[in-house]
S.K.: 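Please find one structure pasted underneath; my questions will follow.
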Amino acid sequence: MIQNIIFDIGNVLVTFDPYTYFLKYFKEETKTRTLCELMFSHEAWSQYDAGILLRKDLYEIYHQAYPQYQEEMDHMLTHWLKLMEPIPETLACMKELKQQGYGIYLLSNISQDSADYLKKTQDFFAYADGAVLSYELHTIKPDAAIYEELLRRYHLEPATCVFLDDGVQNIEKACSLGMQGIVVCDIQTALQELKELLEGEKVC
């Protein structure tokens, strides 16, 4: 029986669409795609999420890696937190599930900067019964350690958990550990899938 709902943060509870956000500033589609690809696919970004690097460290790293884009990289690093905006449908679902008695947890690849920013600007951390964030553990999903820490810290049985995440590999890892999982490609579709899963269990 599902008793616990685990939410990723980026593209589940808040938007994470750098291209759309920065296109408003850079104006040029090709350039914006290039800049976003260079910044967010760089290994340094994963280390930032893992808490190994701080945002101040990234300026020098990106300057060295992309000297032709120093000004653009500085702008993106300075302003990127603002691209995270709440996704109302998921937040409403989270609050409703909390009222129904489900355990609500967060499991996310996220830097300390991001977590601090969201705690100040959003209220969903207050609705969660617990959270495991990548920067705390110096590792990122789909490393099994981050899932196992959530289960250990909050005494959760995998079979009682369903995890919503926008990364296929992250859901695959959750399922390999005994959880159920929903890949979030479209918010409405994912929430409907969650609703049907929970209603199906009640019927059974």
Side-chain angles (χ1 to χ4, degrees), residues 1-16 45-52 84 86-112 114-116 118-119 122-204:
M1 178 70 73
I2 297 298
Q3 300 171 358
N4 306 294
I5 318 299
I6 305 169
F7 293 90
D8 181 25
I9 294 178
N11 283 329
V12 178
L13 294 174
V14 299
T15 59
F16 189 85
W45 194 264
S46 295
Q47 294 179 326
Y48 176 47
D49 274 347
I52 297 168
M84 295 185 293
I87 300 174
E89 299 93 328
T90 321
L91 297 176
C93 176
M94 169 191 276
K95 294 173 183 178
E96 181 179 347
L97 291 170
K98 176 77 171 179
Q99 292 172 351
Q100 292 175 10
Y102 289 97
I104 303 296
Y105 297 91
L106 307 176
L107 182 66
S108 182
N109 290 346
I110 190 170
S111 66
Q112 184 169 0
S114 308
D116 290 346
L118 292 172
K119 287 174 183 178
Q122 306 300 326
D123 64 359
F124 58 78
F125 275 92
Y127 286 90
D129 296 291
V132 170
L133 309 176
S134 59
Y135 78 86
E136 302 172 320
L137 303 183
H138 301 307
T139 188
I140 60 174
K141 298 174 295 184
D143 184 351
I146 196 169
Y147 301 82
E148 291 167 351
E149 175 62 18
L150 180 77
L151 298 172
R152 183 200 64 77
R153 186 183 298 180
Y154 300 109
H155 309 288
L156 306 179
E157 291 295 329
T160 68
C161 301
V162 58
F163 181 37
L164 286 79
D165 191 292
D166 65 325
V168 174
Q169 72 279 14
N170 298 335
I171 292 299
E172 289 175 345
K173 177 59 69 174
C175 292
S176 76
L177 295 171
M179 304 180 195
Q180 295 195 55
I182 296 172
V183 179
V184 181
C185 298
D186 172 79
I187 290 295
Q188 286 76 18
T189 301
L191 293 181
Q192 180 62 31
E193 187 175 344
L194 175 62
K195 179 181 178 182
E196 292 173 359
L197 173 63
L198 298 177
E199 288 180 348
E201 288 211 333
K202 291 175 183 177
V203 171
C204 294

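Below, all heavy atoms of this structure are taken into account, side chains as well, without hydrogens, waters or symmetry copies. Note that the coordinates shown come from a computational prediction; the quantities given were computed from them, not determined experimentally.
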S.K.: Mind checking the OH-CD1 spacing from Tyr105 to Ile6? Nearest 0.5 Å is all I need.
M.R.: 8.5 Å

S.K.: Would you check if Tyr154 and Asn4 make a side-chain contact, meaning some heavy-atom pair closer than 4.5 Å?
M.R.: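 Side chain of Tyr154 against side chain of Asn4, heavy atoms only: no contact under 4.5 Å found.
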
S.K.: Heavy-atom distance under 4.5 Å between the side chains of Asp8 and Asp166, does that happen here?
M.R.: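 Of all side-chain heavy-atom pairs linking Asp166 with Asp8, at least one is under 4.5 Å.
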
S.K.: Do the side chains of Ile140 and Ile146 get nearer than 4.5 Å, heavy atoms only?
M.R.: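 SC-SC contact between Ile146 and Ile140 ruled out.
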
S.K.: For Tyr135, does its backbone N or O pair with a side-chain atom of Tyr48 as donor and acceptor, under 3.5 Å?
M.R.: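 No; judged by distance alone, with no hydrogens or angles, the pair does not exist.
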
S.K.: Considering only heavy atoms from C-beta outward, does the side chain of Leu107 approach that of Asn170 to under 4.5 Å?
M.R.: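 Not in contact.
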
S.K.: Between Thr90 and Val12, is there a donor-acceptor pair closer than 3.5 Å when you use the side chain of the first and the backbone of the second?
M.R.: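 It does hold such a pair.
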
S.K.: First locate atom CG of Leu191, then atom CD of Glu96, and finally report the distance between them rounded to the nearest 0.5 Å.
M.R.: 10.0 Å

S.K.: Could you label the plane-to-plane angle of the Tyr147 and Phe163 rings as parallel, tilted or perpendicular, counting under 30° as parallel and over 60° as perpendicular?
M.R.: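 Geometry flag for Phe163 against Tyr147: perpendicular rings.
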
S.K.: Sort out for me which residue in Val162, Ile171, Leu151 forms a side-chain contact (heavy atoms from CB on, under 4.5 Å) with Met179.
M.R.: Leu151

S.K.: Rounded to the nearest 0.5 Å, what separation is found between the CZ atom of Phe124 and the CD1 atom of Ile9?
M.R.: 4.5 Å

S.K.: For Leu133, does its backbone N or O pair with a side-chain atom of Ser108 as donor and acceptor, under 3.5 Å?
M.R.: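 No; judged by distance alone, with no hydrogens or angles, the pair does not exist.
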
S.K.: Tell me whether Gln169 at atom CD has more than 12 heavy atoms from other residues, nucleotides or ligands lying less than 6.0 Å away.
M.R.: yes

S.K.: Tell me, do Tyr127 and Leu97 make a side-chain contact under 4.5 Å, heavy atoms counted?
M.R.: no

S.K.: Using every non-hydrogen atom in the two residues, find where Pro158 and Leu177 come nearest and quote the distance to one decimal.
M.R.: CB-O, 3.3 Å

S.K.: Roughly how far, to the nearest 0.5 Å, is the CD atom of Gln47 from the CD1 atom of Ile52?
M.R.: 5.5 Å

S.K.: Does anything in residues 123-138 form a salt bridge (Lys or Arg N to Asp or Glu O under 4.0 Å)? List the pairs, not counting sequence neighbours.
M.R.: Lys95-Asp123, Lys98-Asp129, Glu136-Arg153

S.K.: Do Leu137 and Asp143 make a side-chain contact, defined as non-hydrogen atoms from C-beta onward lying under 4.5 Å apart?
M.R.: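 No, their side chains stay 4.5 Å or more apart.
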
S.K.: Are the side chains of Leu194 and Leu198 in touch, meaning some heavy atoms are under 4.5 Å apart?
M.R.: yes

S.K.: Can you see whether Gln192 engages Glu196 through a side-chain donor-acceptor pair at a distance of less than 3.5 angstrom?
M.R.: yes

S.K.: Would you say the side-chain atoms of Asn109 pair up with the backbone N or O of Ser134, donor to acceptor, closer than 3.5 Å?
M.R.: no

S.K.: To the nearest 0.5 Å, how far apart are CD in Glu89 and CD1 in Ile87?
M.R.: 7.5 Å

S.K.: Looking at every heavy atom in both Val184 and Ala190, which two are closest together, and how far apart are they?
M.R.: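 What the structure gives for the nearest pair is CG2-CB, 3.9 Å.
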
S.K.: Roughly how far, to the nearest 0.5 Å, is CG of Leu164 from CD of Gln180?
M.R.: 11.0 Å

S.K.: Taking Lys141 for the side chain and Lys173 for the main chain, is one N or O donor matched with an acceptor at less than 3.5 Å?
M.R.: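 Not a single qualifying donor-acceptor pair exists.
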
S.K.: Do Gln122 and Leu13 make a side-chain contact, defined as non-hydrogen atoms from C-beta onward lying under 4.5 Å apart?
M.R.: no

